[in-house]
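One structure is given below, encoded as structure tokens.
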Amino acid sequence: MTAAAAGAKPVTGANRATALWLERRGASWRELETELTTLEGRGSVSVEQASTVLRGYPELARDVALSRSLAPGSPLTRQLQRLYGRVHRVLFKAPHSLRRELSHILRVGAAESFAALRW
């Protein structure tokens, strides 16, 4: 019995392209989710960690928009929207200890930078 006879959708070029897109983007979403799990709840994060999430933010926004237009109420759309909300909260959370960090930058970071510039 063929897939079409069994009631499954026949594999077309569009279905194949969608499956490939989901496979490629799915890896990116999983990586982003793993990084978010690491970052959530931390008081401070490294620049590298924040950069990874920051790079994925516009790509995820595009994926959410695409998913909303193609399948507005689908489980995938809802999952992508939740992931987008988590990324947004991590990127735009209030600084943990702004005063202490600024003080450290001015006392230590500026001196180190100046020393590095000297010949």
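Ring geometry for F92 versus H88: interplanar angle of 30 to 60°, hence tilted. Below 30°, between 30° and 60°, or above 60°: for W29 and W21 the angle between ring planes is above 60°, a perpendicular geometry.
Rounding to the nearest 0.5 Å gives a distance of 5.0 Å between CD of E59 and CZ of R25.
Under the side chain to side chain contact (heavy atoms under 4.5 Å, CB included) criterion, T38 pairs with R42, Q49, not counting sequence neighbours.
Within 6.0 Å of the CD atom in Q79, the count of heavy atoms belonging to other residues, nucleotides or ligands does not exceed 12. By the neighbour-count criterion of 12 heavy atoms within 6.0 Å, atom CD of Q81 is densely surrounded, having more than that number from other residues, nucleotides or ligands.
Taking 4.5 Å as the limit, every side-chain heavy atom of V87 sits out of range of all side-chain heavy atoms of E35. Put simply, the side chain of L83 does not reach to within 4.5 Å of the side chain of V64, judged on heavy atoms. Counting only heavy atoms from C-beta outward, the side chains of L39 and T52 never approach each other to under 4.5 Å.
The two residues L32 and L60 come nearest to each other via the heavy atoms CD2-CD2, 3.8 Å. In terms of heavy atoms, T77 sits closest to S74 at OG1-OG, 2.9 Å.
The backbone N or O of R30 sits less than 3.5 Å from a side-chain atom of T34, completing a donor-acceptor pair.
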